[in-house]
Each structure stands twice: as C-alpha cells, then as structure tokens.
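Single-structure report; data block below.
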Amino acid sequence: MKKYLVLLLMMVLVTSTTTMALPPVKVDKCATCGLPIGRCQYKGKHPKPKKETSKPKAKCHTCGKTIDNCPYGGKHPAPVKNCSTCGLPVNKCQYNGTHPKCPTCGQVVDSCKFNGNHPTAFEVSLSSNLSDATMFIDGVNYGTASGSRMLKPGLHSVKLTAKCYHDLDTTITVNENNTNFKFSMSRKFISGRVVDNSGEPLNFGVTIQVSRTNEIHNTGYGGVFTIENIKDGDELIVNYETIKSAIDGIYGNIYQYNESFIIQPGQSSLDIIIDKSKMIKKRSNVTLTGTVHDTEGNPLIGAQVWVKGTDRVTTTGIYGEYSIEVSSGEWLEVRCVGYKSLSSKVQNQSVINFGLSESK
C-alpha cells in the first residue's frame, strides 16, 4: 500500500513539473461575442446587424393629415355635387345632374317654352295699313292682309297687292317668339272726278291742293284728276271759282267754293260734288282784253286763255283777240297746239298781249 502511495505522489510531482515547464496554449476568441471560437455559435462570424429604418407615416390624400390624425382614417366620403341646371344635389336631381336638351331650340327641357315638344306650326297674326289688300305667302293667295294664319316655323316670303298702292315684297321669320307682323303699304296715287250738283263734270276751275306738300293739281277733261305720292291722312283742299250767271258776268261777280277732304286708309278714289247753290261771293272782276300771236307777230286763232284756278276760259278770234273777266292778282295762262304755254299775272292791267314760241 505504501508502495502505491509513493508511486502516485511521484507521478503527481512529475506531472506538475512538466506542466510548469510547457508554454501556455493560445485560444482564439470571437471578435464579436468574446467567446472562444469553439464556443461561439457563429464560429466567430457573426452576421452584420440590420440597420433599423423608420418608415414615413402615410398621409390622407384629401386633408393631407397623417392617417392617424385624419378623422376619417384617410377615407373621406365623396363630396356632394349640385346639378348645374336645377341646383339640386345630383343624387336628388331627377336627371342625375344631366338634364336632356330640346332637339328643336337646343335649350334644356326645363327652360324650353314647350318642354321639348315644339309645335309644328304657330298661329301668326298679320295686319296691314290696308285691310283689304291681297296677301300672298310663299306664293299662295291667303286673301285679305289682316287676320291669323297657321305657319310653320322658319322663313316665309310675303307679298301684298292693292289698287293704287305699290306692291309690298318682304320676308318674315316665324318662331315661338315672333308671331306678330304688321305691314305698311305706300300709295301710288289717288284719282277722282269733280262734278257739280247736277252731275255735270267741271273741266276747268277746280284746283286740288295737298296740304302736306302744297302741290296744286287741276281737273282735266271730264273733271278727272290724279294725285301721285299721296299718303293716308293727307288733307286735300278743293277750291272752285266761277261766275254763276250772265248778270254776274256783267257785274264781274266771282263765287267761290272750298272744302277739305282727309284721305282714309285704303281709300283709292275720291269723287267730289260741288253744290253751286252753296257757293259764296268772293270778289268782283274787270274785263281784260288782248291778243295772242306767234314770235313773228302772226295772230293765233283758237288759242285758249284761261284764268288759272277757275273755270273761266275763252278762245281767241280770227285776229287772235280775246276778252275775259279777271281780278288783280290772278294768273292767266295761254295754250295753243304746237306752241309753248305762257302765263302772266294780272296786276291792275286792262290789256295783256301774249307772244307764243313754237314747241320743239
């Protein structure tokens, strides 16, 4: 036993001496965790740590706030639109914000006078200053110019005709806002005849004056007259002077008749009856004498010597002589076939001679 103990002690001593004499063994360690390589779970090759990056918070597309601060969590409700026609919200508009348009006038149905259903014809009112004129529309005779007609919308040609009036040619455009048309026709002339109360025509001595223009017209053979460029409402002043009897001629008494007439719309003729019994005495005349000859001094037989504005007229004799009743201030006019007419004013003369030149 002791032998074994001694042997064990010697072995321990030898081991201790050997251990102390050997150099220390170098052990590699992990540079990351510090453990020996053998004990490091990554064998000294730790993976690189991932860098932490902070993501920007999402924002609401409507209000611009972050989703966390948006009261709707980024999901705002869609805004309510109003209809541009009726003004109601689109969801309450009967046409959902898109009103239909009228195919005729192009307006939205709500604004269209006929709610999109235009009539195929309109009742058109037509009138003229001459009610009995004949009217033609698009070449069709529609009778008198006044009244109502059913016409299609669009352009129409209109023509009015009437006696003593200029034809009227025009066009009208018919639509829902244009259904009333008035026309005015201009008169060409007015004609008539002047007679006395026995029905005899007054060929001479009657003058008709248009007060608007002061034009004076004389009656011709048969008492007829024609006045051009006359208008509705014009006043015609009729004047007539004459010697009523042989005794009046001896004493030079002149009688006068005056009357006024207003031209009515549509009036085309005017017949005038002069009642000689209602004529009034105007003035007294004197007898005027003289001769009518040509430029060479030859007497002119059958020449007419007329007191203008009266029915007093005479003809020259074989020596070209004449005699007629006149008053101072009146005008004499001499007429002869083939010669130019000549006029002269009477100014207290008792003799006036006329020399006529030939007409060319």
Exercise for the section: For R193 and F225, indicate whether the former's side chain and the latter's backbone hold a donor-acceptor pair under 3.5 Å. Expected result: no
Exercise for the section: Identify the two heavy atoms, one from D294 and one from L300, that lie closest to each other, and give their separation to 0.1 Å. Expected result: N-CG, 3.9 Å
Completion exercise
In this structure, NZ of K182 is separated from CG of N129 (nearest 0.5 Å) by 11.5 Å
Practice task
Only counting residues at least two apart or in another chain, list the ones meeting side-chain contact (heavy atoms from CB on, under 4.5 Å) with T213.
Solution key: V210, E215
Exercise for the section: Could you walk me through whether F189 and N229 pass the side chain to side chain contact (heavy atoms under 4.5 Å, CB included) test, one step at a time? Expected result: CA-CA 6 Å; F189 59 85; N229 300 319; over 6 Å; no
Handout entry: Rounded distance [0.5 Å steps], CG in L168 versus OG in S128
Key = 7.5 Å
Problem - pair F181-V174: side-chain heavy atoms closer than 4.5 Å - result: yes
Handout entry: Close side-chain approach of M135 and F183, heavy atoms under 4.5 Å
Key = yes
Practice task
Mark yes or no for whether T66, through its side chain, and K59, through its backbone, hold a donor-acceptor pair below 3.5 Å.
Solution key: no
Handout entry: Pairs involving residues 142-156, ordered by first then second residue, that meet side chain to side chain donor-acceptor pair (under 3.5 Å) (sequence neighbours left out)
Key = D138-H156
Handout entry: Heavy-atom closest pair, residues E325 and T287
Key = OE2-OG1, 2.6 Å
Practice task
Check whether any side-chain heavy atom of Q209 sits under 4.5 Å from a side-chain heavy atom of N214, and report yes or no.
Solution key: yes
Exercise for the section: Flag the pair R212 and D234 as a salt bridge only when some basic side-chain nitrogen lies within less than 4.0 angstrom of an acidic carboxylate oxygen. Expected result: yes
Practice task
Indicate the ring-plane relationship of H46 and Y42, choosing parallel, tilted or perpendicular according to the 30° and 60° boundaries.
Solution key: tilted
Fill in the blank from the handout: Residues at least two apart in sequence or cross-chain that pass side-chain contact (heavy atoms from CB on, under 4.5 Å) with T134, listed by chain then number, are F136, N141, T161
Problem - Within-4.5 Å side-chain heavy-atom neighbours: F261 and I272 - result: yes
Problem - Which atom of L342 lies closest to which atom of F354, heavy atoms considered - result: CD2-CD2, 3.8 Å
Exercise for the section: State whether the side chain of E296 and the backbone N or O of N298 hold a donor-acceptor pair below 3.5 Å, judged by distance alone. Expected result: no
Exercise for the section: Could you walk me through whether K276 and Y240 pass side chain to side chain contact (heavy atoms under 4.5 Å, CB included), step by step? Expected result: CA-CA 10 Å; K276 290 185 176 180; Y240 174 63; 3.7 Å; yes
Problem - Heavy-atom side-chain proximity of V305 to L332 below 4.5 angstrom - result: yes
Exercise for the section: Not counting sequence neighbours, which residues clear side-chain contact (heavy atoms from CB on, under 4.5 Å) with T315? List them please. Expected result: Q304
Exercise for the section: Under the side chain to side chain contact (heavy atoms under 4.5 Å, CB included) rule, what do V238 and S260 come out as? Steps first, then yes or no, please. Expected result: CA-CA 6 Å; V238 179; S260 295; over 6 Å; no
Exercise for the section: Any side chain to side chain donor-acceptor pair (under 3.5 Å) involving residues 167-176? Give me the pairs, sequence neighbours left out, ordered by first then second residue. Expected result: none
Fill in the blank from the handout: S211 and I237 have their tightest heavy-atom pair at CB-CD1, 4.4 Å
Exercise for the section: Flag yes if V140 and V158 sit in one hydrophobic cluster, no otherwise; membership is Ile, Leu, Val, Met, Phe, Trp, Tyr, and two members link when side-chain heavy atoms are under 4.5 Å apart. Expected result: yes
Practice task
Evaluate side chain to side chain contact (heavy atoms under 4.5 Å, CB included) for W331 paired with K345, printing each intermediate quantity in order.
Solution key: CA-CA 4 Å; W331 283 81; K345 187 176 183 180; 3.7 Å; yes
Handout entry: Test item: Q349 side-chain N/O and Q347 main-chain N/O as donor-acceptor pair under 3.5 Å
Key = yes
Handout entry: Heavy-atom side-chain contact between I230 and L236 under 4.5 Å
Key = yes
Problem - Sidechain-backbone polar pair: N353 side chain, G290 backbone, donor-acceptor under 3.5 Å - result: no
Problem - Close side-chain approach of V292 and L356, heavy atoms under 4.5 Å - result: yes
Exercise for the section: Using the test side-chain contact (heavy atoms from CB on, under 4.5 Å), find all partners of Q107 that sit at least two apart in sequence or belong to another chain. Expected result: C105, S111
Completion exercise
The reported gap from CD1 in I137 to OG in S157 (rounded to nearest 0.5 angstrom) is 8.5 Å
Handout entry: Shortest non-hydrogen contact between C70 and H76, atoms and distance
Key = SG-NE2, 3.3 Å
Handout entry: Given I274, T310, V195, the one that forms side chain to side chain contact (heavy atoms under 4.5 Å, CB included) with V206
Key = I274
Problem - From CG (N180) to OG (S127), nearest 0.5 Å - result: 6.5 Å
Problem - Nearest-0.5 Å distance that lies between atom CE in M279 and atom CG in D196 - result: 10.0 Å
Exercise for the section: Quick one: do Q264 and D232 satisfy side-chain hydrogen bond (donor to acceptor under 3.5 Å, both in side chains)? Show the steps, please. Expected result: CA-CA 6 Å; Q264 302 300 318; D232 294 342; over 6 Å; no
Practice task
Decide whether T291 and E321 meet the rule of one side-chain donor and one side-chain acceptor closer than 3.5 Å.
Solution key: no
Practice task
Take atom CG of L88 as the centre, draw a 6.0 Å sphere, and report whether it contains more than 12 heavy atoms from other residues, nucleotides or ligands.
Solution key: yes
Problem - Nearest heavy atoms of W306 and R312, plus distance in Å - result: CD1-O, 3.2 Å
Exercise for the section: Check whether any side-chain heavy atom of M150 lies under 4.5 Å from a side-chain heavy atom of F122, and answer yes or no. Expected result: no
Practice task
State the CD-CD1 distance between E259 and I208, to the nearest 0.5 angstrom.
Solution key: 11.0 Å
Problem - Side-chain donor or acceptor of T316 paired with backbone N/O of G302 under 3.5 Å - result: yes
